[in-house]
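One structure is given below, encoded as structure tokens.
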Amino acid sequence: MDGWCTLGQQGIGVHCWGDFSAIRFSSFTSAPSGPEAVYPLASRLVRFPFLALSDIAGFQAALITFVIVSVICVVSPLIWAVRRTPWSAKPVVVTVAGITTAPAIMLLDRGNILALAVPLMLLALLGLVRDSPWTVAVATIAASSIKPQFVLLGVGLLALRHWRAAIVTFLGTGAILVAPYFVLGDRWFTGVTEWLRGASRWSTSQPLSASWPNNISLPHVLYLLAHAGPWHSLPIVRTLVDRDYLVASAAIGVVVVAAIAVSGRRLPPLASGVALLAIACVGSPLTYAYYGVFTLPVFAIVYRYGVEDWPRDTRLARTMPVLLAIPVVLGLSPLIIPFGGALTSPTVSLLPLLSSGAWVIFVGALAIWGISRMRKDHWKSPTNASTEA
């Protein structure tokens, strides 16, 4: 039971899929208000068919259609991944690693349009693995119209040295996010600033000390690490405020993204793409547990291609597949595992938060791996060899 539903917004029973129900607009040119203010105006492109159906056939028909489309989008990476799997095992993989996982259930329960971006995440990762830059560009631009942070996937093109595709990706993302506000006439600049201000206010609306909602963001992970260890009583830790954790997490993100971009093809494209996707999904100061749904396309790619071609030349390189497997397994945990105690009633699983922490370890190790490979290649270069001689 959502609790706040009105009779006109009840979809099925007393559940109204809050994120879907809360956002309404009369036209493409109307100014965003309420919960929609934190979304880019471009997100109306994917909402419009369902709102149009609501006007034609009623709210319930539109909601049921949205839920069905969302389910198809969420399980699509698994359906693609099991094409060569025996028929007897296909429903098992799709169920265990897809529809019954905690982030998938939470996402469908909320009715959030992030579900529609799941196939686009898969396409972006596929484009990086198959060295298809324009697939990455199209998928990234489309996904960014739903959630702007997915523009980070374009850094994978920089790593692969596809300069033109990368430029098109960043310019295209900027255009699709800003251009719709020009439709609003003389308030386009105001519209952009209001959206950025609203998104910023929302992302910092909950203190990092709050136990609910289930915040799995990188800043929250840093906060918990600082207050969970024996060092929590140190004066320097006690003086830290939320802003300090936000700055620290942003610095970590910048370092990792820069390491991926500079390392180039020294890192496996799949590893770079997964790290960028993880940063995009857990980097915001307030990240709900359903953002962990990005683990589904990651699992699908690994299930299909594996990591056998990853370098094994160092101890860290040999550890990377394990560091990838841990957050994937934790992220695909079912909602019914109440590990960690009761945050609210009923008991809420903390496994998504543990998965987020494991993703932080993976992306950090990836940055170290990339930097170490660059240093190794540098010292093996002919210039340095002649200098040493």
Side-chain angles (χ1 to χ4, degrees), residues 1-30 32-82 90-91 94-95 97-124 138-139 141-148 150 176 180 183 281 288-297 300 335:
M1 184 172 188
D2 284 13
W4 58 269
C5 289
T6 63
L7 291 178
Q9 290 179 320
Q10 286 179 355
I12 302 173
V14 292
H15 192 66
C16 61
W17 282 261
D19 288 355
F20 176 82
S21 304
I23 296 178
R24 289 288 181 271
F25 54 89
S26 57
S27 68
F28 275 116
T29 59
S30 61
S33 61
E36 193 194 9
V38 302
Y39 290 90
L41 205 59
S43 65
R44 289 184 175 183
L45 295 173
V46 296
R47 298 184 192 275
F48 178 75
F50 304 102
L51 292 183
L53 181 60
S54 178
D55 292 337
I56 297 172
F59 175 80
Q60 189 175 61
L63 173 58
I64 293 175
T65 303
F66 177 80
V67 172
I68 292 174
V69 172
S70 297
V71 171
I72 294 173
C73 289
V74 167
V75 301
S76 60
L78 283 306
I79 294 176
W80 168 83
V82 300
K90 287 182 179 181
V94 173
T95 301
I99 200 65
T100 62
T101 59
I105 294 174
M106 293 177 181
L107 179 62
L108 297 174
D109 172 78
R110 292 290 294 264
N112 194 278
I113 60 172
L114 177 63
L116 308 184
V118 174
L120 300 173
M121 301 180 206
L122 176 66
L123 281 178
V138 172
I141 293 173
S144 299
S145 68
I146 300 175
K147 300 288 183 178
F150 288 127
I176 202 170
V183 181
C281 289
Y288 292 115
Y290 60 77
Y291 273 86
V293 75
F294 79 92
T295 309
L296 274 66
L335 190 66

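Just so it is clear, the values below take in all heavy atoms, side chains as well, and ignore hydrogens, waters and symmetry mates.
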Sequence neighbours left out, cut at 3.5 Å: what donor-acceptor pairs do the side chains of residues 65-73 make with other protein atoms?
from, atom 1, to, atom 2, distance (Å)
Thr65, OG1, Ala61, O, 2.8
Ser70, OG, Phe66, O, 2.8

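Scored by the side-chain contact (heavy atoms from CB on, under 4.5 Å) test, Ile176 finds Ala42, Ile141, Ser145 as partners (sequence neighbours excluded). For Phe150, there are no ring-ring contact (aromatic ring centres under 6.0 Å, His included) partners at least two apart in sequence or on another chain. For Val138, the side-chain contact (heavy atoms from CB on, under 4.5 Å) criterion is met by no residue, not counting sequence neighbours. When the side-chain contact (heavy atoms from CB on, under 4.5 Å) test is applied to Ala289, the partners found at least two apart in sequence or on another chain are Met106, Asn214, Ile216, Pro352. Remark: Ala62 engages Phe20, Leu53, Ser54 in a side-chain contact (heavy atoms from CB on, under 4.5 Å) (not counting sequence neighbours). Judged as a side-chain hydrogen bond (donor to acceptor under 3.5 Å, both in side chains), and not counting sequence neighbours, Arg47 has no contacts.
Expressed to the nearest 0.5 Å, how far CD1 of Ile64 lies from CZ of Phe59 amounts to 10.0 Å. Atoms NZ and CG, from Lys147 and Leu120 in turn, are 13.0 Å apart once rounded to the nearest 0.5 Å. For the atom pair CG of Leu122 and CD1 of Ile79, the computed distance is 11.0 Å after rounding to the nearest 0.5 Å.
Between Lys90 and Val82, the closest heavy-atom pair is CE-O, 2.9 Å. Phe294 and Tyr291 make their closest contact through CD2-O, 3.1 Å (heavy atoms, listed as atom of the first residue, atom of the second, distance). Here the shortest heavy-atom pairing between Val293 and Met121 reads CG1-CE, 4.5 Å. Considering every non-hydrogen atom in both Ile146 and Ile113, the closest pair reads CG2-O, 3.6 Å. The shortest non-hydrogen separation linking Leu123 to Ala139 is CB-CB, 3.8 Å. Taking both residues in full, the closest heavy atoms of Gly98 and Ala104 are given as O-CB, 3.3 Å, listed atom of the first, atom of the second, then distance.
The only option from Ile105, Leu114, Leu108 that meets the side chain to side chain contact (heavy atoms under 4.5 Å, CB included) definition with Tyr290 turns out to be Leu114.
Sorted by first then second residue, the salt bridge (Lys or Arg N to Asp or Glu O under 4.0 Å) pairs that include residues 69-81, not counting sequence neighbours, number zero.
Leu78 places a side-chain heavy atom less than 4.5 Å from the side chain of Leu296.
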